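Remarks on the structure that follows.
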There are 2 protein chains.
Amino acid sequence: MEGHRLDQVFGAVSDSTRRAILARLASSEARVTELAEAFPISLNSTSKHIRVLERAGLVRREVRGRDHVLSLNAGPLEEASAWIEHYRRFWDDRLAALDTFIQTKREQTHRRNPR
Amino acid sequence: MEGHRLDQVFGAVSDSTRRAILARLASSEARVTELAEAFPISLNSTSKHIRVLERAGLVRREVRGRDHVLSLNAGPLEEASAWIEHYRRFWDDRLAALDTFIQTKREQTHRRNPR
DNA sequence: CATACATTCACCCACATGGGTGAATGTTCA
DNA sequence: TGAACATTCACCCATGTGGGTGAATGTATG
């Protein structure tokens, strides 16, 4: 089955630690160690999470000497957003149709039992 | 780390087979076997995928005799959408700020080197 | 009742992942 | 150069998952 990129993006944000990392990076860029200190997991675990986010294109890395500075890149969320919105639109339409149906039913009932 | 529901929703849609199942269910409800026939995986694999989608609340099951009829429930995508939109908004703001910055820089340059 | 059909359950396998520890590598700086 | 620091690499472990097969369960129907 195709869809490699969406797999990675959705997979990356399906972990709450990684979502927290993204939230942290939204306020400002940070080093790996800084991120590790902000969460109750080891430095190495943090490093792995960052790699997952990087693979999905959601985090960019700039090596400055011995520091690796991470920053948020929300670009890849574009496609994910489009995918979700498609279903939300479908859903809204479906709810609207249901509403129309109920409305019609009610009118029919009124016609059959007037007041 | 909290965030259980988003984990399940994002995790569910991070697999392209499951996204295909959702796409199929968007056109009409279907039985487990019907879905299994539509994809190059076994009936049992399909059943497992459906369970994942059900756990995330994206698919509802109605048992009619010996048939289990699945239907799409896009409701849980609401929260997922909100999460993504938050970052997209951040991203748009950031791009706008960058644009303003470039604009300002350009004006400064013009002031320094007038025509 | 007996049979066919729909679905799940109970396993198996290979592989990814989220967590950890300790060592290796690379960079800064006194 | 040598020491301190930042990060990754190479492992280990438990668990989940995507795939499979074969048996068990439950329902419909001749």
Side-chain angles (χ1 to χ4, degrees), chain A residues 1-25 28-72, chain B residues 1-25 28-72:
Chain A
M1 227 91 229
E2 30 70 51
H4 199 217
R5 195 51 178 282
L6 270 184
D7 286 21
Q8 288 179 319
V9 172
F10 280 133
V13 302
S14 74
D15 181 279
S16 46
T17 298
R18 285 194 288 267
R19 288 198 303 277
I21 290 178
L22 292 180
R24 170 65 185 72
L25 289 180
S28 81
E29 57 182 27
R31 289 174 306 124
V32 179
T33 309
E34 283 171 352
L35 290 176
E37 283 165 355
F39 303 106
I41 57 177
S42 76
L43 179 62
N44 303 38
S45 258
T46 308
S47 182
K48 286 183 201 173
H49 280 305
I50 291 168
R51 215 181 331 142
V52 174
L53 290 167
E54 244 185 320
R55 232 193 310 158
L58 293 168
V59 157
R60 280 175 30 204
R61 178 191 306 253
E62 188 191 345
V63 180
R64 297 183 194 157
R66 62 184 178 176
D67 296 353
H68 293 207
V69 177
L70 292 324
S71 58
L72 180 59
Chain B
M1 225 92 228
E2 29 71 51
H4 199 216
R5 195 50 179 280
L6 271 183
D7 286 21
Q8 289 179 319
V9 173
F10 280 133
V13 302
S14 75
D15 181 279
S16 46
T17 298
R18 285 194 287 269
R19 287 198 303 278
I21 289 178
L22 293 179
R24 171 62 185 73
L25 289 180
S28 81
E29 56 182 28
R31 290 174 306 126
V32 178
T33 308
E34 282 171 352
L35 290 176
E37 283 165 356
F39 302 107
I41 58 178
S42 76
L43 179 62
N44 303 37
S45 257
T46 309
S47 183
K48 286 183 201 173
H49 280 304
I50 291 168
R51 214 182 333 143
V52 174
L53 290 168
E54 244 186 319
R55 230 193 309 157
L58 292 169
V59 156
R60 279 175 31 203
R61 178 191 306 253
E62 187 192 346
V63 180
R64 299 183 193 156
R66 61 184 179 177
D67 295 353
H68 293 207
V69 177
L70 293 323
S71 58
L72 180 59

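Proteins get letters first, then strands, A, B, ... in listed order; numbering begins at 1 in each. Every value quoted in this text rests on a predicted model; they were computed, and no experiment measured them.
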Worked check of side chain to side chain contact (heavy atoms under 4.5 Å, CB included) between B:L58 and B:L25: CA-CA 10 Å; B:L58 292 169; B:L25 289 180; over 6 Å; no

Sequence-distant partners of A:A36, side-chain contact (heavy atoms from CB on, under 4.5 Å), two or more places apart: A:L43, A:T46

Nearest-nucleotide 5' precedence on DNA chain C, A:R64 against A:R18: A:R18

side-chain contact (heavy atoms from CB on, under 4.5 Å) involving B:E37 - partner list, sequence neighbours excluded: B:T33

Closest contact, heavy atoms only, A:R5 versus A:G57: NH2-CA, 3.9 Å

Considering all heavy atoms, the nearest B:E29-B:S71 contact: CB-CB, 4.2 Å

Those residues of residues 41-48 of chain B lying under 4.0 Å from DNA chain D by at least one heavy atom: B:I41, B:S42, B:N44, B:S45, B:K48

Contacts of A:R61 that satisfy side-chain contact (heavy atoms from CB on, under 4.5 Å) - sequence neighbours left out: A:I50, A:E54, A:V63, A:H68, A:L70

Members of residues 49-58 of chain A that approach DNA chain D, where some heavy atom sits under 4.0 Å away: none

Rounded distance (nearest 0.5 Å) linking atom OG of B:S45 with atom CG of B:L35: 13.0 Å

Rounded distance (Å) that lies between atom P of D:dG18 and atom NE2 of A:H4: 14 Å

Distance, rounded to the nearest Å, where B:R31 contributes CZ and D:dA28 contributes P: 13 Å

A:T17 backbone acceptor or donor facing A:D15 side chain under 3.5 Å: yes

Test side chain to side chain contact (heavy atoms under 4.5 Å, CB included) applied to B:V52 and B:H49, B:R55, B:K48, the passing residue: B:R55

Neighbour count >12 (heavy atoms, 6.0 Å) for atom CZ, A:R60: no

Separation of D:dT27 C1' from B:D67 CG (nearest whole Å): 9 Å

Interface limits on DNA chain C, where chain A has a heavy atom under 4.0 Å of a nucleotide atom: C:dG18 to C:dT28

